[in-house]
Amino acid sequence: MLSLENIYFKYPARRRGNGDAHWVLEDISLTAAAGEFISIIGPSGCGKSTLLSLISGLLRPSRGRILAQGREVLGPSRSRVLIFQGHLLFPWKTAIQNIEFVLKARGLSQGLRRRQALEYLQRVRLEAHADAYPRELSGGMQQRIGIARALAAEPDILLLDEPFSSLDLVAKCAIIDELKAIASQMGKTVILVTHNLEEAFHVGHRVYLLTKGPGRIAATFDPSATKPDQLQSLGASSEFQAFQKKVSAFMTDPAAAQR
Amino acid sequence: MNLLRRTLAVLAPFGLALLVWAGLSATGRINAFILPAPGAVLRALIQGLCSGELLSATALSLWRVGCGFGISVVTAVPLGIALGSSHRLRGLLDPLLKFVRPIPPIAWLPLAILWFGIGNGPSYFLTMVASFFPILTSTMTGVENVSQQHLAVARCFGATRASILWDIVIPSSLPMMISGIRTGFGFAWMAVVAAEMIATRSGLGYLIYTSQDLLRTDRVLVGMLVIGMIGLLVDTLIVHLKDRWIHWV
């Protein structure tokens, strides 16, 4: 269970007399239950990524508080893992060593680490590439290893920052469905930040739309239960088209769209 | 075939230099004291090898460099890591380091002789001073440039400080460290020759220096050839090790 209560954020002014920094995020409140998949969409610069950093604990809100499992977030924790934009595997470690690194942080003994790491690799069907270095793997494979590494932390909450932006459609669909299955099986809360409406609509139990300058929640959508199973066929569905139309109305003129 | 071509490519410039040298000597217009013929140098080389004099001088020089350079590696690498990871420490020591760094190693020699006397001491000290700064600076830069995102990932996973050091900071800055070590060895190897010319009575530097006094230019060249050869060998060795250790790029 994750809840954000009236979050405000601005970057601290570097120097005095630097002028007032603008709010990056203003009055953000949202909740996500275990097993829920939340999407956050919005134009670039609306503070989506900042919001994830706040939830992860890498940044602290200027006002308001974030509660994870009922406790206030005061710093980074293994229970909320951020999967970054691009591939942030450690290039000097093999696939399995990347996962073992997390297991080491969890305090597992050396003997246990390798066995468990293999299990996580199996979950993303990459056990055959355990000893490959990231540069030897395709973008999609690297992203799956990133997901396996995140899962190895046994987090309650997975935070995804545009993790699919560098993938082609086929790889993207495979990973998204895999992630959806894993999340619902293991009861993880997933928060996905993306600018891709199809992704957001496809995976989200709920979609939040953020507007820019300062970042605010402009609208919340509940993609209906009747949406198509396949991401590829989403574009043709009338539900998605209606969603798309509403989102673009909010982007161009939030005040009018609210009425 | 490929290997043959590569070997030829490496040897060709040497062959060319040798040819020019032999050609110049063959004209007979250059005094053998100024530039002895390749054959004379080869004879001096064989003589030096047979008498054991050359081997012992080389071994001594290598030992001195090994000691000074070794001290440098074990002190400059940890210090570089500390300076690279702490803004405060860097702010504190940087001005001093920037002041000491441009002083050429050779300028330390008179002081080193006063401190350590004639013998091995000045050589150890000079090679250490010569290799310390390249290693320190590269290590520091390597550590400073560790990806902030990688560090954030590690912190996110709750890695301990020790694990961040061993699993992230050191491997990530290893390429820079090794290139500093490579430059450092080159400097140390130059410094030992200088130190031996003045502060000891043995080693390759001393051999060159005394040979000049005796007008044995052939032996001067033999000493220089050996110095160049060893520099090349060690450099190749370091590059080879670097490629073996840093296989992820």
Side-chain angles (χ1 to χ4, degrees), chain A residues 49 52-59 73 75-95 97-108 110 113 120 131-137 142 145-146 148-155 157-161 163, chain B residues 73 77-78 80-81 84-88 90-91 135 138-182 238-249:
Chain A
S49 298
L52 283 193
S53 293
L54 286 168
I55 298 173
S56 77
L58 285 172
L59 292 175
V73 171
S77 148
R78 264 197 298 284
S79 62
R80 300 176 309 276
V81 168
L82 191 52
I83 300 182
F84 292 82
Q85 232 159 350
H87 314 302
L88 279 177
L89 297 176
F90 304 126
W92 50 87
K93 288 183 181 292
T94 60
Q97 285 170 346
N98 262 282
I99 297 173
E100 283 177 80
F101 169 78
V102 175
L103 299 176
K104 181 176 166 188
R106 273 175 54 194
L108 264 69
Q110 206 157 12
R113 277 180 226 156
Y120 285 106
D131 295 313
Y133 284 91
R135 71 172 163 92
E136 299 166 328
L137 301 169
Q142 291 184 29
I145 288 170
R149 182 175 71 172
L151 291 173
E154 301 268 290
I157 301 169
L158 274 172
L159 307 165
L160 309 178
D161 190 354
Chain B
V73 171
V77 167
I81 292 173
S85 24
S86 159
H87 282 287
R88 271 181 59 192
R90 196 158 61 240
I135 300 175
S138 311
T139 305
M140 206 165 96
T141 315
V143 171
E144 272 179 88
N145 290 336
V146 172
S147 149
Q148 286 303 315
Q149 284 184 305
H150 282 146
L151 291 174
V153 171
R155 284 216 313 276
C156 236
F157 285 124
T160 58
R161 286 179 70 117
S163 164
I164 289 179
L165 180 68
W166 284 112
D167 293 309
I168 313 295
V169 173
I170 291 180
S172 177
S173 47
L174 197 59
M176 278 298 281
M177 270 181 218
I178 294 180
S179 80
I181 285 173
R182 193 178 158 197
I238 294 176
V239 171
H240 178 73
L241 286 178
K242 182 179 173 180
D243 290 345
R244 263 190 65 170
W245 288 340
I246 303 168
H247 34 58
W248 60 80
V249 280

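The model shown is predicted, which means the values in this text are computed figures rather than measured ones. Chain A is the first sequence line, chain B the second, and so forth, proteins listed ahead of strands; every chain is numbered from 1.
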Over 60° means perpendicular and under 30° means parallel, so tell me whether B:His247 and A:Tyr133 are parallel, tilted or perpendicular.
tilted
Report all side-chain donor-acceptor pairs from residues 154-168 of chain B shorter than 3.5 Å, counting only partners two or more places apart or in another chain.
from	atom 1	to	atom 2	distance (Å)
B:Thr160	OG1	B:Ser163	N	3.1
B:Ser163	OG	B:Asp167	OD2	2.9
B:Asp167	OD1	A:Lys93	NZ	3.0
B:Asp167	OD2	A:Lys104	NZ	2.8

To the nearest 0.5 Å, atom CH2 of B:Trp248 lies from atom CD of A:Gln97 at 10.5 Å
Residue set satisfying side chain to side chain contact (heavy atoms under 4.5 Å, CB included) with B:Ser173, at least two apart, ordered chain then number -> B:Val143, B:Val169, B:Met177
- Start with the C-alpha distance between B:His150 and A:Trp92, add both sets of side-chain angles, then the distance that settles side chain to side chain contact (heavy atoms under 4.5 Å, CB included), and finish with yes or no. CA-CA 11 Å; B:His150 282 146; A:Trp92 50 87; 3.9 Å; yes
Between A:Arg149 and B:Val153, the two heavy atoms sitting closest are NH2-CG1, 3.4 Å
